[in-house]
Amino acid sequence: MEKSPIEKKPIIVAIDGPAASGKSTTARILADKLGYIYIDTGAMYRSVTLKALREGLLDDLRKDESGISRLLRTITIGFQGDRVILDGEDVTEAIRENQVSREVSFISSLKLVRDKLRELQQQMGRKRGIVMDGRDIGTVIFPDAELKIFLVADPAERAKRRHVELSLKAGGAAVPSLEELEAEIKQRDRDDEERTHAPLKRHPDAVLLDTSNMSIDEQVNVVHDLVMKIVGQS
Ligand code: CDP
């Protein structure tokens with residue numbers, strides 16, 4: 001049977017942007033539509049953070065980051081469908097806990113951590129045919145990605161989305177207020193933009209997409225159309 005344009009020319013779609021801008025939702029649905037693999041690199045940084053927290057390393061790491069090397073030597077992070085597997089354990093829910101969200105920007109700022117995850121992520125994309133989302137995918141991990149997208153949205157809108165997401169998962173338990181979430185999101189954006197190694201920034205070739213007033217379907221369709229244009233050009 002004749003191969004479809006998508007199969008003939010598998011590409012890399014790099015989606016970057018600030019916290020809660022809709023990257024993961026867009027990337028997951030897009031990958032599904034294209035029959036591509038989806039890699040949530042934020043989940044990988046969250047997994048390293050969870051492990052460092054469990055091993056009680058955070059205080060020491062703030063003084064001397066070399067303490068993370070042993071952890072990085074033995075860690076295994078993988079995906080099984082939608083599930084995130086850390087050292088053989090399903091941590092999909094655990095990595096979304098507040099304590100992890102609060103510490104993940106610090107752990108992500110460490111050079112040793114970024115070096116290790118860069119290697120893993122580049123390995124995962126070597127056959128192309130992937131959608132990868134994060135903060136530095138278009139700038140550092142795959143600067144040669146055929147399509148780079150930079151998603152943004154108003155901080156207030158992003159806080160609202162995160163609030164809905166957390167409330168749905170909380171099953172009646174208390175969730176942070178909108179104000180707290182907006183403050184936390186803004187702080188994380190600042191930390192990610194201001195760090196030395198692989199800061200959050202738009203690659204000059206990345207398509208800027210403001211999703212503040214877009215539905216999920218709309219944002220997926222915009223990116224899907226861009227992919228079809230690229231693969232159609234082969
Ligand atoms: O989903 P949310 O927007 O909350 O963030 P995430 O994608 O799960 O990423 C969590 C954190 O990991 C970010 O705030 C960054 O500090 C870090 N990260 C990174 O440094 N580089 C990436 N490629 C992905 C995430």
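Note that the structure is predicted; figures quoted are calculated from it, not measured. Counting convention: from 1, in listed order, for ligands and their atoms alike.
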(request) Can you pull out the closest protein heavy atom to atom 24 (C) of ligand 1? Residue, atom name and distance to 0.1 Å, please. (result) T41 OG1, 3.3 Å
(message) I need the atoms of ligand 1 closer than 4.0 Å to a non-hydrogen atom of S105, numbered in the order shown.
(response) 14 (O), 16 (O)
(request) Indicate yes or no: does an N/O atom of D133 lie under 3.5 Å from an N/O atom of ligand 1? (result) no
(message) So, regarding R195 and ligand 1 (criterion: nitrogen or oxygen to nitrogen or oxygen, under 3.5 Å), is there a contact or not?
(response) yes
(request) Check ligand 1 against G134 and write out every atom of the ligand that is under 4.0 Å from a heavy-atom position of the residue. (result) 22 (C), 23 (N), 24 (C)
(message) Suppose I only count heavy atoms of D192 and a 4.0 Å limit; which atoms of ligand 1 are within that range?
(response) 13 (C), 14 (O), 15 (C), 16 (O)
(request) Kindly compute the distance separating OG1 (T26) from CD1 (I216), expressed to the nearest 0.5 Å. (result) 7.0 Å
(message) Could you work out, for atom 22 (C) of ligand 1, the closest of Q121, R46, R135 by heavy-atom distance?
(response) R135
(message) Could you identify the single nearest non-hydrogen protein atom to atom 17 (C) of ligand 1 and state the distance to 0.1 Å?
(response) S108 OG, 3.2 Å
(message) Just so I know, are the side chains of R128 and E146 near enough to count as touching, which here means a heavy-atom distance under 4.5 Å?
(response) yes
(request) Considering only Ile, Leu, Val, Met, Phe, Trp and Tyr, and joining two whenever side-chain heavy atoms are under 4.5 Å apart, list the other residues clustered with L178. (result) none
(message) Does any N or O of ligand 1 fall below 3.5 Å from an N or O anywhere on Y45, backbone included?
(response) no
(request) Give yes or no for whether the N/O distance cutoff of 3.5 Å, strictly under, is met between S24 and ligand 1. (result) no
(message) Going by the rule side-chain contact (heavy atoms from CB on, under 4.5 Å), which residues pair with V140 if we only count those two or more places apart in sequence or in a different chain?
(response) R118, D136, A198
(message) Under 4.0 Å from a heavy atom of K23: which atoms of ligand 1 are those, numbered in the order shown and with their elements?
(response) 3 (O)
(message) Under 4.0 Å, heavy-atom basis, I'd like to know which part of A19 is in contact with ligand 1: side chain, backbone, both or neither.
(response) both
(message) For a 4.5 angstrom cut-off between non-hydrogen side-chain atoms, does I37 reach K127?
(response) no
(request) Measure the spacing between CG of D40 and OH of Y45 and express it to the nearest 0.5 Å. (result) 12.0 Å
(request) Show which atoms of ligand 1 fall inside a sub-4.0 Å distance from at least one heavy-atom site of R162. (result) 1 (O), 2 (P), 3 (O), 4 (O)
(message) Is it the case that the side chains of D217 and S215 hold a donor-acceptor pair, with the cut-off being a distance below 3.5 Å and no angle test?
(response) no
(request) Select one of side chain, backbone, both or neither to describe which atoms of M44 lie under 4.0 Å from any atom of ligand 1, heavy atoms only. (result) neither
(message) Check this for me, if you would: do E93 and R83 make a salt bridge, where the nitrogen-to-carboxylate-oxygen distance has to be below 4.0 angstrom?
(response) yes
(message) Please classify the R96 to ligand 1 contact at 4.0 Å (heavy-atom distances, strictly less than): side chain, backbone, both or neither.
(response) side chain
(message) Donor-acceptor check, side chain of T92 to backbone of V84, threshold 3.5 angstrom: yes or no?
(response) yes
(request) Run the numbers for me: atoms of ligand 1, each under 4.0 Å from some heavy atom of G42, listed by number. (result) 6 (P), 7 (O), 8 (O), 9 (O), 24 (C), 25 (C)
(message) Below the 3.5 angstrom mark, is there an N/O of A20, backbone or side chain, next to an N/O of ligand 1?
(response) yes
(message) Less than 4.0 Å is my threshold; does some heavy atom of R118 fall inside it relative to ligand 1?
(response) no
(request) Identify, by atom number and element, the atoms of ligand 1 in contact range of R114, meaning under 4.0 Å from any of its heavy atoms. (result) 19 (C), 20 (O), 21 (N), 22 (C)
(message) Quick check on salt bridge (charged side-chain N to carboxylate O under 4.0 Å, His left out): which of K201, K186, R135 does D192 satisfy it with?
(response) R135
(message) Testing the 3.5 Å rule here: is there a donor-acceptor pair between the side chains of R102 and T49?
(response) no
(message) Tell me the nearest of R188, E184, H197 to atom 10 (C) of ligand 1, using heavy-atom distances.
(response) R188
(request) Indicate, with yes or no, if I95 and L61 share a hydrophobic cluster defined by side-chain heavy-atom contacts under 4.5 Å among Ile, Leu, Val, Met, Phe, Trp and Tyr. (result) yes
